[in-house]
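Convention: sequence-line order gives letters A, B, ...; per-chain numbering from 1. Since the model is a prediction, treat every value here as computed from it, not as a measurement.
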Amino acid sequence: MGGDDSHSWTFRQRVAVVVARIPLGQVTTYGRIATVLGAPRSARMIGWAMSNLENGPDLPAHRVVNRVGYLSGAHAFGVPAIMRDLLLDEGVPFQSEWVVALEACVWDPADDPELDDAFRIGLER
DNA sequence: AGTTTGACAGTAT
DNA sequence: GATACTGCCAAAC
């Protein structure tokens with residue numbers, strides 16, 4: 001192992017790895033992402049990281065909502081309706097106009113063992 | 001080097 | 001259940 005820069009991945013890069021693995025038609029929360037990153041009390045960092053991350057077309061940032069299912073990041077898409085439309089297009093059920101039915105579509109990143117493997121690769125870098 | 005800011009979450013009232 | 005307050009910590013200023 002290298003040891004000189006073992007933790008070369010920045011916080012926002014790790015966030016991107018998790019977001020990229022959110023299944024289509026499902027969503028996850030900032031808190032879940034923070035927990036799988038080993039910082040359960042740092043959910044705010046996730047939102048900060050995503051707003052500063054260069055969102056690529058392959059990064060489903062629209063699948064991240066807050067703990068009650070509210071589309072708290074909708075404004076980052078320019079027009080809030082864009083995020084909502086993307087989720088509706090994937091078949092994500094809504095509880096109200098801007099709140100998804102979490103119980104029916106929430107995805108826990110900690111439930112994906114392959115995600116941990118992805119971090120192992122990153123740490124090896 | 002200190003201050004401010006966030007696409008949040010948990011707890012208390 | 002809704003509101004208010006606190007904790008959290010990386011990055012930009």
Side-chain angles (χ1 to χ4, degrees):
Chain A
M1 22 174 146
D4 48 322
D5 57 350
S6 55
H7 55 284
S8 57
W9 284 27
T10 62
F11 192 86
R12 67 196 210 188
Q13 283 177 312
R14 281 175 287 183
V15 171
V17 170
V18 179
V19 175
R21 295 201 57 79
I22 304 174
L24 187 149
Q26 292 189 277
V27 301
T28 195
T29 66
Y30 301 94
R32 292 283 187 180
I33 296 174
T35 298
V36 80
L37 289 180
R41 307 293 187 201
S42 305
R44 296 184 80 185
M45 308 301 310
I46 309 304
W48 176 89
M50 293 184 73
S51 64
N52 283 270
L53 179 57
E54 299 170 6
N55 300 17
D58 295 320
L59 188 62
H62 60 281
R63 295 179 192 150
V64 184
V65 300
N66 74 0
R67 70 179 172 88
V68 297
Y70 177 71
L71 310 190
S72 55
H75 69 81
F77 290 79
V79 180
I82 294 177
M83 180 177 183
R84 174 174 147 274
D85 191 47
L86 285 169
L87 292 172
L88 285 171
D89 188 54
E90 295 183 357
V92 174
F94 275 69
Q95 181 178 5
S96 66
E97 191 173 6
W98 302 100
V99 182
V100 302
L102 270 185
E103 293 185 350
C105 63
V106 70
W107 173 77
D108 189 347
D111 188 48
D112 183 2
E114 296 182 26
L115 186 57
D116 187 56
D117 189 57
F119 281 119
R120 183 172 60 76
I121 296 171
L123 292 173
E124 286 294 328
R125 149 45 166 94

With a sphere of 6.0 Å drawn around CZ of A/R32, does it hold more than 12 non-hydrogen atoms of other residues, nucleotides or ligands?
no

Within this structure, what is the NE2-CG distance for the pair A/H62 and A/L88, rounded to the nearest 0.5 Å?
10.5 Å

Would you confirm whether A/D85, through its side chain, and A/A81, through its main-chain N or O, come within 3.5 Å as a donor-acceptor pair?
no

Going 5' to 3' on DNA chain B, which nucleotide is the first and which the last to come under 4.0 Å of a heavy atom in chain A?
B/dG6 to B/dG10

A/E90 side-chain N/O to A/G25 backbone N/O, donor-acceptor pair under 3.5 Å
yes

A/Q95/A/L102 under side chain to side chain contact (heavy atoms under 4.5 Å, CB included): CA gap, chis, key distance, verdict:
CA-CA 8 Å; A/Q95 181 178 5; A/L102 270 185; over 6 Å; no

At a heavy-atom distance below 4.0 Å, what parts of residues 86-100 of chain A sit against DNA chain B?
none

Can you tell me how far P of C/dC13 sits from CH2 of A/W48, to the nearest Å?
10 Å

How many whole angstroms separate atom CE of A/M50 from atom C1' of C/dA10?
16 Å

Starting at CG of A/L53 and ending at P of C/dA10, how long is that distance when rounded to a whole Å?
17 Å

Taking atom CE of A/M45 and atom CE of A/M50, what is their separation to the nearest 0.5 Å?
13.5 Å

Shortest non-hydrogen pair, A/L53 vs A/R12, comes out as CD2-O, 4.1 Å

Assuming nearest nucleotide by heavy-atom distance, tell me which of A/A39 and A/N52 is located more 5' along DNA chain C.
A/A39

Does A/S51 reach a base, just sugar-phosphate, or nothing at all? Heavy atoms under 4.0 Å.
base

For A/T28 and A/V18, run side chain to side chain contact (heavy atoms under 4.5 Å, CB included): C-alpha distance rounded to whole Å, both residues' side-chain angles, the deciding distance at 0.1 Å, then the answer.
CA-CA 10 Å; A/T28 195; A/V18 179; 5.6 Å; no

Considering every strand and a 4.0 Å limit on heavy-atom distances, what is the contact class for A/A74: base, sugar-phosphate, or nothing?
nothing

How many Å lie between CZ on A/R44 and P on C/dA11, as a whole number?
15 Å

CA sep, side-chain torsions, deciding dist, call: A/N52, A/F11, side chain to side chain contact (heavy atoms under 4.5 Å, CB included):
CA-CA 11 Å; A/N52 283 270; A/F11 192 86; over 6 Å; no

Report the residue (A/R12 or A/R41) whose heavy-atom-nearest nucleotide on DNA chain C is the more 5′ of the two.
A/R41

